[in-house]
Amino acid sequence: MKIEFRTISFNRLLEWLVLLVPGMMFLSPDIETNPYIDKTTAWIVLCMSIVIIVAIRFNQRLRIPMLNIFILNYVGFWHVRYLTLLIYPEHQIVLKRTVIIGTEKFNEYSLLVLLSLTAAFVGIFLAHGLYGNFDRKGVTGKDKINGVQVSQFVENQLRLASGYCITALCFLLFVMQYCATVEIPWWLGYLSYLFNMQFIIFLCLYVLLADNVAKKIKYLFGCYLALYVILTVLAGSRSMLLHSMIYLFSMLFLYKKDVRFKPRHLLLGLILILAMGISFIFATAQRAFREEVGFRISADLLLFNLGRSMDFFSSDSSETIQNTIGMATARAGYLDFGAEMYANDIYANVINIANIAKSTIDQLIPGAIFEDSQGLSQRIRNIYDLSGSTAYQADAINAVGENYILFGYGCPVVIAFVAFVFTSCYLLIGNTVFGIWLKFVLLCNFMFWWNSFGYDWLLLDIARQSVFGSLLLVMLSCKKKVRLFGRERARQSSGVRP
C-alpha cells in the first residue's frame with residue numbers, strides 16, 4: 001500500500017511560525033533576565049501574530065502578491081528577530097550603540113511596529129479593493145506577451161537571452177578578477193547596471209516558470225542561474241543564496257502559484273539553510289583574501305576556504321557556532337535598527353526631506369550637483385562613528401524608524417499610504433513582458449522599503465532597475481514581431497505593415 005504524505009501550504013507554514021515565536025517567548029526562562037524583552041513584549045508579539053494570521057486568512061481567496069511577499073519579509077526579518085534577540089541578546093548591534101534601549105523603550109517601539117504593520121495591511125487591502133479587478137488572473141503562460149505567448153516569446157528570444165546570460169557571467173568574472181583591489185572606474189559602475197543581479201535572476205526564473213517551454217531550455221537557464229549564484233558567492237557575497245530564494249518566492253507570488261510544500265521540500269529547505277551557513281563562512285573568508293590580493297580562481301584557495309567552512313561546522317566548540325549564529329541573526333535583524341531611530345532623536349539631523357532630495361537628485365544625474373549628497377544610510381555612520389573614517393558603510397534604517405523620524409507618530413498613516421501606492425501601481429500594470437519586469441521590481445523594492453536603507457536608496461533602485469531592465473528587454477525583443485508599450489512593430493524585411 002502506497003502512503004502519500006499531505007502537503008503543507010505556504011500560508012499554513014507561516015501561521016505556525018508566527019505563533020511559535022510568542023509561544024517560545026512565553027515559555028523561555030531567559031525572558032525574566034533579558035535586557036530588551038519581557039512578558040509585555042511577548043504579548044505585543046502575540047498581537048502581531050494574530051494580525052498576521054487574520055491578513056493571511058483574508059488573502060487566501062484574494063492571493064495578493066504584494067501582501068504575500070510583505071508577510072514573508074516581515075516574518076523572516078522582523079518577527080523571528082524577537083525570538084533570536086531573546087536567545088542571543090549579547091550579539092545585538094545597535095541597541096546600545098548610541099543610547100541604551102531598555103525593555104520599556106523597546107516595548108514602546110514594538111507597539112509602533114504593531115500599528116505600522118496593521119497600517120501596511122490596510123493600505124494593501126484598500127488598494128486591492130479599488131484596483132483588484134485589473135490583476136484578477138495574474139500572470140500565466142496563456143497571457144499574451146509582445147503579441148506571442150510566454151512560451152513562444154522565450155523560444156523566439158532564446159539566443160539573445162542565452163547570449164546575455166553568458167555575457168553577464170563573463171562580466172562578473174572580469175569584475176572579480178581585475179577590479180577586486182582597485183577603485184572601480186565610473187564607466188564600469190554604469191555598465192554594471194546592465195548586468196544587475198535582480199534582472200539576471202529574473203530572466204532565468206522567467207524562463208524556468210514559463211509554461212510549455214522545452215525542458216532542455218529550462219535546464220540551460222537553470223545552469224546559468226546556478227553558475228551565477230556560485231560565482232557571486234565566490235566573489236564574497238554572503239547573502240546570495242538568501243536573495244535568490246526571496247526572488248524565487250517573488251516570482252511564484254507574481255505568477256499566483258499555489259505554493260505548497262511536501263516533506264522532501266522541507267528537507268531541501270533544511271539543506272539550503274545549511275548551505276547558506278556554509279556560504280556565509282566561505283564568502284567571509286573569500287572577502288578577506290580579496291582585500292589583500294584580489295580575486296583569483298585558484299582551486300587550492302577555494303578548497304582551502306571550503307575546508308575552513310566545513311571545519312567550522314564540525315568543530316567541537318559550540319560557543320563559536322553560537323556566536324556566529326548570534327551575529328548573523330543580529331545583522332539580519334532589521335527590527336533593531338528602527339529601535340535606535342525611535343530612541344535617539346539625534347538622527348533627525350541627517351534623516352530629513354532635504355537630504356533625501358539631494359541624495360536622490362545627485363545620484364540620478366551624472367556629475368556632482370550638491371557638495372554634500374551622501375545617502376541617508378551613509379550619513380548615519382557620522383552619528384555613531386566619530387573616527388572620521390571615509391570607508392563606505394551602509395546602515396539599515398527600516399521603514400518604521402525612518403518614517404517616525406520624518407513624521408513622528410503619524411508614521412503609520414504614511415506607511416499605509418506607501419503600501420497603497422506600491423500595491424496600486426502593481427495592480428494597474430499590465431502583463432506584458434515589461435509589465436512583468438516592473439511588477440517584479442515593485443515586489444522586491446516593497447520588501448526592501450520595509451527593511452529600508454532610506455527613501456533615497458529606494459527611489460534610486462526603482463528608477464535604475466525600471467529603466468535599465470526595460471532597456472534590456474527592448475534589446476531582447478528586437479527579433480520577430482513585438483509589441484512595445486502598446487504599439488506593434490514588425491521587421492521591415494518581413495514586408496508586413498505595423
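All figures in this text were calculated on a predicted structure; none of them were measured in a lab.
The backbone N or O of Glu340 sits nowhere less than 3.5 Å from a side-chain atom of Asn344 that would complete a donor-acceptor pair. One N or O on the side chain of Asn59 and one on the backbone of Ile64 form a donor-acceptor pair closer than 3.5 Å.
Closest of all the heavy-atom pairs between Ala399 and Ile415 is O-CD1, 4.3 Å. The shortest heavy-atom contact between Ser470 and Phe434 is O-CE2, 3.5 Å. Of all non-hydrogen atoms in Leu194 and Tyr164, the two that sit nearest each other are O-OH, 2.6 Å. Here the closest non-hydrogen pair linking Ala348 and Ile405 is CA-CG2, 3.6 Å. Between Ile201 and Ser244, the closest heavy-atom pair is CD1-OG, 4.0 Å. Nearest approach of Leu95 to Ala339, heavy atoms of both residues: CD2-CB, 3.9 Å.
Taken to the nearest 0.5 Å, the CZ atom of Phe337 stands 9.0 Å off from the CG atom of Asn398. For the atom pair Ile124 CD1 and Tyr426 OH, the distance stands at 12.0 Å (nearest 0.5 Å). Taking CG from Leu67 and CD1 from Ile71, the interatomic distance works out to 4.0 Å, rounded to the nearest 0.5 Å. To the nearest 0.5 Å, atoms CG (Leu428) and CG (Leu130) are separated by 9.5 Å. Put simply, OH on Tyr409 and SG on Cys411 are 9.0 Å apart, with the number rounded to the nearest 0.5 Å. For the atom pair CG (Leu472) and CG (Asn196), the distance works out to 9.0 Å, reported to the nearest 0.5 Å.
In terms of the side chain to side chain contact (heavy atoms under 4.5 Å, CB included) criterion, residue partners of Arg63 (sequence neighbours excluded) are, by chain and number, Lys256, Asp258. Under the rule for a ring-ring contact (aromatic ring centres under 6.0 Å, His included), the partners of Phe70 that lie at least two apart in sequence or sit in another chain are Phe121, Phe446, Trp450. Residues meeting the side chain to side chain contact (heavy atoms under 4.5 Å, CB included) test with Asp456, sequence neighbours left out: Ile356, Ser359, Thr360, Leu376. Applying the side chain to side chain contact (heavy atoms under 4.5 Å, CB included) rule to Asn349 yields the partners Ile346; only residues at least two apart in sequence or on another chain are considered. For Arg81, the salt bridge (charged side-chain N to carboxylate O under 4.0 Å, His left out) partners two or more places apart in sequence, or in a different chain, are Asp336. The salt bridge (charged side-chain N to carboxylate O under 4.0 Å, His left out) search around Glu402 returns none, not counting sequence neighbours. Contacts of Leu72 classified as side chain to side chain contact (heavy atoms under 4.5 Å, CB included), with partners at least two apart in sequence or in another chain: Phe10, Ile69, Phe249, Phe253. Partners of His79 under the side chain to side chain donor-acceptor pair (under 3.5 Å) rule, at least two apart in sequence or in another chain, are Ser49. Every residue two or more places apart in sequence or in another chain was checked for a ring-ring contact (aromatic ring centres under 6.0 Å, His included) with Phe448, and none qualifies. In this view, Phe420 satisfies the ring-ring contact (aromatic ring centres under 6.0 Å, His included) rule with no residue, not counting sequence neighbours. Under the ring-ring contact (aromatic ring centres under 6.0 Å, His included) criterion, Tyr347 pairs with no residue at all, not counting sequence neighbours.
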Next on the checklist: One pair to check against side chain to side chain contact (heavy atoms under 4.5 Å, CB included): Tyr109 and Leu335. What are the steps and the verdict?
Outcome noted: CA-CA 10 Å; Tyr109 166 69; Leu335 171 75; 3.8 Å; yes

Next on the checklist: Please evaluate residues Val441 and Asp461 with respect to the criterion side chain to side chain contact (heavy atoms under 4.5 Å, CB included), reporting the C-alpha separation (whole Å), side-chain torsions for both, the decisive distance (0.1 Å), and the verdict.
Outcome noted: CA-CA 9 Å; Val441 169; Asp461 278 348; over 6 Å; no

Checklist entry - Can you check ring-ring contact (aromatic ring centres under 6.0 Å, His included) on Phe202 and Trp437, steps first, answer last? => result CA-CA 8 Å; Phe202 163 81; Trp437 164 244; 5.1 Å; yes

Next on the checklist: For Gln465 and Asn445: C-alpha separation, side-chain torsions, deciding distance, then whether side chain to side chain donor-acceptor pair (under 3.5 Å) applies.
Outcome noted: CA-CA 10 Å; Gln465 291 164 12; Asn445 281 284; 3.0 Å; yes

Next on the checklist: Go through it in stages, so that I can follow the logic: the residues are Tyr74 and Met447, the test is side chain to side chain contact (heavy atoms under 4.5 Å, CB included), and I'd like the CA-CA distance, side-chain angles, deciding distance and then a yes or no.
Outcome noted: CA-CA 8 Å; Tyr74 178 81; Met447 175 187 63; over 6 Å; no

Next on the checklist: Under the criterion side chain to side chain contact (heavy atoms under 4.5 Å, CB included), I'd like the reasoning laid out for Leu442 against Ile429: C-alpha separation, chi angles, the key distance, then a yes or no.
Outcome noted: CA-CA 10 Å; Leu442 288 174; Ile429 293 174; 3.7 Å; yes

Only pairs under 3.5 Å count here: list side-chain donor-acceptor contacts from residues 214-228, not counting sequence neighbours, and write none if there are none.
from   : atom 1 : to     : atom 2 : distance (Å)
Lys218 : NZ     : Leu208 : O      : 3.2
Lys218 : NZ     : Ala210 : O      : 3.0
Tyr224 : OH     : Ser162 : OG     : 2.4

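In the model, Ser116 has no side-chain atom that pairs as donor or acceptor with a side-chain atom of Tyr404 under 3.5 Å. A side-chain donor from one of Asn451 and Trp78 sits under 3.5 Å from a side-chain acceptor of the other.
Considering Asn403, Ile353, Ile397 in turn, Asn403 is the only one that fulfils the side chain to side chain contact (heavy atoms under 4.5 Å, CB included) rule with Tyr455.
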